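Single-structure report; data block below.
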Amino acid sequence: MNLEDRIRRRQRRDAGPALVREYETLSPAAHVENPVGRGPTVERVLNHFDPIFDGRTPSNLYLHGPPGAGKSAVVTALWRKLDQLPMETQPVIHTSTRVQRQSSPTFVYLDGRRIDSAFAFYHALLSAVESDAVPASGVRTATLRDRLQDRWRTADSSVVVAVDHLDDGEGPPTAVLDHFESLSEYVCWLGIGRAKPEATAVAERIGDAIRLDAYHHQQLGDILSARASAAMSERTLGHQQARTIAEWADGDAHHALAALFVAADRADSRERTRLTDEDVRVATERLSTDAVSLARVLTLPDNRQAVLRELVDADATARSSVATAAEAVAASLSGSLSEGSIKRFIYEMAEAGILERVETAAGTDHGRRPSRVEARFHVPVFRRLFDLR
DNA sequence: GATCCACGGGAATACACGGATG
DNA sequence: CATCCGTGTATTCCCGTGGATC
C-alpha cells in the first residue's frame, strides 16, 4: 500500500479529466441493476416465485451454471428490485378458501461463502430481515432461531431465501439448508451453484432448476461495452477491443470484466481517455483465466485481506516458501499479527483455492520441501480495489 | 455471572531426506 | 539391501482468551 500513489491519484483526479470515474462500478465483483442479456432468465426466476404473491409457497428453485455466467448478477438484480417493490403492487388478498398469507413476502439474499455454521446462518438471516443490529456473540444459536421463528409466525408472510454459492465447491456445506425446515412452512429457497442439481447434496429438495450457460462472445462484448460506459464514458472501449476481451475470457464475465478493469486502469495511469489495443493486450496477458472469483477474496475478513495485500507485493524470493512469505508479511504488517497466525492464514487460503502452494522440485538437503506461494486471483484488480478502500 | 462465538497462538503431527543399522 | 531413525521443515488442528450479550 503506497500512500504517495494514492494521494497523487486523488490530486490528479481532482485536477483533470480522469478516465475511470468509478472503480467500484468497474469492479468485476460489482453487480449492475439490469444485467445485460439475462432478461429471459430473470423472467423465469420471477415466474417460479410468482405464486408467492397469491399467498402460496412455491417449491425450491436451483439456478446453476459455470462461473461468470451471470448467476449472481441475475439474482442480486432481481432481489434488489423485489425488495423495492411498492406496497400497492404487492399481494392483494383474494377471497378464497385456500390459506393466504396476509402480508407481503420477504426476499432475503445470503452469500453462502460467509455461512459456515448454523449460528452464522441464523445470524445472517436475522440481520437481513431486522432493522437493528443482531448480536454476533453472547447469544445462543437457538435464541436466534427462535427469534426468526417468532418473527415469521406472527408476521404471517412467506419468505424466499436466496443462498448464493451453494455447493459450487467454494460455498458452505449444503447442510445449511437443513436449518430452513425448522423455521416455517412458508419458507422456500433459491439455491445458486455450479454443480448440476442432481449432483448437489440437496438434490431431492429441489423443486425446479434453471440452467444458465456461459455467455456467447457477442453477449459478453455487450456486457463489457455497457460496463465501460457506466464506469467511464461512451466510446472508451472500442467494439473490436470488447470482442478481443470477450474471446480471451471465453464467455466468463468475471474474467472479462477483470481484464477491462486492468486495461482501463492502465490507460488511466497514462492519462488517456480511451483504451488502446496495447492496454487490452497487456491486461489479458497479466491475468489468468484460472483465477478464482474476486468477490471471494473481497469478502474475506480484513486480516486475511491485509495478509494478501502484503503477500502480492512480496518478491519471488520471499514467496519461495510459506515460512519466508509469512516472515515477509509479518514484517510489513509490523507485528499486528504473529508470524504463526499469518502462516496459518496462508495455509487456510491455499486450502480454499485463493492461494496456491507449489512444491519446489528439487529437495535442498534437509527437511521437508517448501512450497512456493502463488496468488490465484486477479492480483492487479485486488491491489487497486484494496488500496481504494 | 453464565453463556456463547471468533480470533489468534502455538502445540502436535506429518513429511522428506540422509545416514545408521541389521 | 531393506528398513529404521534422527533431524529439520512443513502442515494441521486444537484450545485458551477476550469481548459481547442476556
Side-chain angles (χ1 to χ4, degrees), chain A residues 110-151 154 163 165 169-173 175-180 182-183 292 296-311 314-376 386 389:
Chain A
L110 296 185
D111 184 346
R113 289 178 295 223
R114 312 211 80 168
I115 316 285
D116 57 358
S117 65
F119 182 87
F121 167 75
Y122 290 123
H123 185 264
L125 214 44
L126 206 50
S127 302
V129 297
E130 279 196 357
S131 41
D132 18 323
V134 182
S137 67
V139 53
R140 52 167 63 235
T141 306
T143 311
L144 293 185
R145 191 192 58 223
D146 293 346
R147 265 170 78 176
L148 267 173
Q149 242 166 355
D150 290 348
R151 183 190 177 87
T154 55
V163 185
H165 309 289
E170 57 180 56
V176 162
L177 290 184
D178 293 336
H179 302 295
F180 280 97
S182 59
L183 285 175
V292 100
R296 248 181 106 191
V297 177
L298 296 169
T299 52
L300 288 171
D302 288 347
N303 52 10
R304 316 295 152 107
Q305 289 194 48
V307 168
L308 285 181
R309 181 64 187 88
E310 297 307 327
L311 194 60
D315 60 24
T317 321
R319 286 185 291 101
S320 63
S321 83
V322 175
T324 54
E327 194 185 339
V329 171
S332 41
L333 287 178
S334 55
S336 59
L337 282 168
S338 82
E339 212 176 302
S341 294
I342 294 170
K343 223 186 262 181
R344 185 167 55 79
F345 291 171
I346 292 175
Y347 283 115
E348 239 174 44
M349 293 189 286
E351 186 65 29
I354 291 166
L355 295 173
E356 188 175 9
R357 295 195 344 246
V358 187
E359 198 175 277
T360 46
T364 42
D365 42 6
H366 267 309
R368 193 170 169 172
R369 291 173 191 158
S371 306
R372 182 160 46 88
V373 183
E374 300 280 355
R376 273 198 70 214
F386 183 93
R389 296 195 307 183

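Within every chain, numbering begins at 1; the chains are lettered A, B, ... in the order of the sequence lines, protein sequences first and strands thereafter. The shown structure was predicted, so the numbers you read here are calculated from the model rather than taken from an experiment. Keep in mind that the numbers below use all heavy atoms, side chains included, and drop hydrogens, waters and symmetry copies.
- For A:Leu337, taking side-chain heavy atoms from C-beta onward, the closest of the listed nucleotides C:dT12, B:dG8, B:dA16 is B:dG8.
- Dashed line: the shortest gap from a side-chain N or O of A:Ser321 to OP1 or OP2 of C:dT9 is not under 4.0 Å.
- For the OP1/OP2 pair of C:dT11 and a distance below 4.0 Å, the side-chain nitrogens and oxygens of A:Ser371 include at least one atom meeting the criterion.
- In terms of modelled atom types and a separation under 3.5 Å, the side chain of A:Arg372 and the main chain of A:Val358 share no donor-acceptor contact.
- Between A:Tyr122 atom OH and A:Gln149 atom CD the span is 7.5 Å, to the nearest 0.5 Å.
- Contact annotation: the side chain of A:Val139 approaches that of A:Phe119 to within less than 4.5 Å [non-hydrogen atoms, C-beta and beyond].
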Problem set entry | Nucleotide-resolved protein contact map, nucleotides 15-22 of chain C, B/S/- at heavy-atom distance under 4.0 Å | ----BBBS
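- Between A:Arg357 and the phosphate of C:dT11, there is a side-chain N or O to OP1/OP2 separation shorter than 4.0 Å.
- A:Ala323 comes within contact range of the sugar-phosphate backbone alone, with a heavy-atom separation under 4.0 Å but no base atom that close.
- For A:Lys343 and C:dT12, the NZ to P distance is 13 Å, given to the nearest whole Å.
- Here A:Asn303 does not reach the OP1 or OP2 of B:dC7: none of its side-chain N or O atoms lies under 4.0 Å away.
- Contact annotation: A:Tyr347 reaches the phosphate of C:dT11 (side-chain N/O to OP1 or OP2, under 4.0 Å).
- Rounding to whole angstrom units, CG of residue A:Asp302 and P of B:dG8 are separated by 10 Å.
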For this session: Could you walk me through whether A:Leu308 and A:Leu355 pass side chain to side chain contact (heavy atoms under 4.5 Å, CB included), step by step?
Result: CA-CA 9 Å; A:Leu308 285 181; A:Leu355 295 173; 3.7 Å; yes
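- If you measure from atom CD of A:Glu348 to atom P of C:dC14, you get 14 Å, rounded to the nearest angstrom.
- Rounded to an integer number of Å, the gap from A:Arg369 CZ to C:dT11 P is 12 Å.
- A:Leu337 is listed as a side-chain neighbour of A:Phe345, based on a closest heavy-atom distance under 4.5 Å.
- Not a single donor-acceptor pair under 3.5 Å links the side chain of A:Arg296 to the backbone N or O of A:Ile354.
- As judged by a 4.0 angstrom heavy-atom cut-off over every strand, A:Ser338 is placed among residues touching the sugar-phosphate backbone only.
- In this structure, of C:dA10, C:dT11, B:dG8, it is B:dG8 that holds the atom nearest to the side chain of A:Arg344.
- One atom, CZ of A:Arg319, and another, C1' of C:dA10, lie 18 Å apart when rounded to the nearest Å.
- For A:Arg368, counting side-chain heavy atoms from C-beta on, the closest listed nucleotide (B:dG8, B:dC5, B:dA14) is B:dA14.
- Going from atom CG of A:Leu300 over to atom C1' of B:dA6 covers 16 Å, rounded to whole Å.
- The number of heavy-atom neighbours closer than 6.0 Å to CD of A:Glu348, taken from other residues, nucleotides and ligands shown, is above 12.
- One interatomic measurement links the two molecules: CG of A:Leu144 to P of B:dT3, which rounds to 17 Å at whole-angstrom precision.
- The CG-P distance, from A:Leu333 to B:dG9, rounds to 12 Å in whole Å.
- Looking at heavy-atom distances under 4.0 Å, A:Phe119 makes contact with sugar-phosphate atoms alone, never a base.
- Side chain of A:Gln305 to backbone of A:Leu300: a donor-acceptor contact under 3.5 angstrom is found.
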